[in-house]
Amino acid sequence: MPMHAQELEDLLRESFPDAKIVVEGDDGVHMSAMVVDESFRSMNRVQQQRAVYAALKGKMDGPNGALHALALTTKAPD
Amino acid sequence: MTDANARIDETVKANDVVLFMKGTKSMPQCGFSNRVAGVLNYMGVDYLDVNVLSDDAIRQGIKDYSDWPTIPQLYVKGEFVGGCDIITEMTLSGELDKLLEDNGVTYDKDAAEKIREANKG
């Protein structure tokens, strides 16, 4: 079942309460999410994105999980 | 270590640059894989393409091996570099050039510049 932008944002909010989160994509399948969080400051890109994928674990992955089509951008606040 | 894990480990250590992807470098079968393979092809990087669609054990095994849930996955000198988003960002920022240089992997610098030029603005 496709996931909607709001659901994804809520999921991310659970793990990143203080982050700036922008989720786009209304076809429920192809979505983009940007997460800007202080916790990313000490992490490189792979670690940042692993943290976000960990937050979505089990909710989006799996062969037909929507995770496949999630374009992800992560960074620490400037 | 599972068989798939061992095979993956061996592959990424035996080849300087490995791209686990859907399809092959000449026939990618997914937009994200196509983008990364396209960048590497355009930059003249010599890499081994592993088609995860033809081997389910590898397709699942690679996600466990790198603790990364999506395909494609790029490895340079046995190290996981990233998926499509990260490679795109690194290409545009020039970090991919630096990573290849630091690891003695030859590539076409002008081609990399052209990619950045084309994506300006």
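Chain letters run A, B, ... following the sequence lines, proteins first and then strands; every chain starts at 1. Hydrogens, waters and symmetry mates play no part in the numbers below; they use all other heavy atoms, side chains included.
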A.B. asks: Taking atom CD of B/E10 as the centre, report whether more than 12 heavy atoms of other residues, nucleotides or ligands fall under 6.0 Å from it.
C.D. replies: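 Check fails, neighbour count at 12 or below.
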A.B. asks: Looking at A/R45 and B/M90, would you say the former's side chain and the latter's main chain have a donor-acceptor pair under 3.5 Å?
C.D. replies: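 Checked: no pair found.
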A.B. asks: Under a 4.5 Å side-chain heavy-atom rule over Ile, Leu, Val, Met, Phe, Trp and Tyr, are B/L48 and B/V12 clustered together?
C.D. replies: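 Same cluster: B/L48 reaches B/V12 through Ile, Leu, Val, Met, Phe, Trp or Tyr contacts under 4.5 Å.
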A.B. asks: For residues A/T73 and B/E89, determine if any side-chain heavy atom of one lies less than 4.5 Å from a side-chain heavy atom of the other.
C.D. replies: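 Yes; the side chains approach each other to less than 4.5 Å.
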A.B. asks: Checking A/Q48 against chain B: side chain, backbone, both or neither under 4.5 Å from a heavy atom?
C.D. replies: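 The answer is neither part of A/Q48.
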A.B. asks: Do A/V36 and A/I21 belong to the same hydrophobic cluster, where Ile, Leu, Val, Met, Phe, Trp and Tyr are linked whenever their side-chain heavy atoms lie under 4.5 Å apart, directly or via other members?
C.D. replies: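 No, A/V36 and A/I21 fall in different hydrophobic clusters.
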A.B. asks: If you take all heavy atoms of A/R50 and B/F80, which pair is closest and at what distance?
C.D. replies: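 Looks like NH2-CD2, 3.7 Å.
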A.B. asks: Tell me whether B/K109 at atom NZ has more than 12 heavy atoms from other residues, nucleotides or ligands lying less than 6.0 Å away.
C.D. replies: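 Counting neighbours around NZ of B/K109, more than 12 heavy atoms of other residues, nucleotides or ligands fall under 6.0 Å, so yes.
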A.B. asks: If you group Ile, Leu, Val, Met, Phe, Trp and Tyr by side-chain heavy-atom gaps below 4.5 Å, do A/F40 and A/M34 land in one group?
C.D. replies: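 Result: no, two separate clusters.
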A.B. asks: Supply the atom-to-atom distance B/D67 CG to A/Y53 OH, rounded to the nearest 0.5 angstrom.
C.D. replies: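 If I round to the nearest 0.5 Å, the distance is 11.5 Å.
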A.B. asks: Rounded to the nearest 0.5 Å, what separates atom CG in A/L70 from atom CG in B/D85?
C.D. replies: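 Here the rounded value is 7.5 Å.
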A.B. asks: Within the supplied structure, the quantity of interest is the number of heavy atoms (other residues, nucleotides, ligands) at a distance under 6.0 Å from B/Q29 CD; does it exceed 12?
C.D. replies: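 Counting neighbours around CD of B/Q29, more than 12 heavy atoms of other residues, nucleotides or ligands fall under 6.0 Å, so yes.
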A.B. asks: Quick one, B/I86 and A/V46 - any side-chain contact, counting heavy atoms below 4.5 Å?
C.D. replies: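 B/I86 reaches A/V46 side chain to side chain.
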A.B. asks: With only heavy atoms counted, which part of B/E95 is less than 4.5 Å from chain A, the side chain, the backbone, both or neither?
C.D. replies: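 Side chain only.
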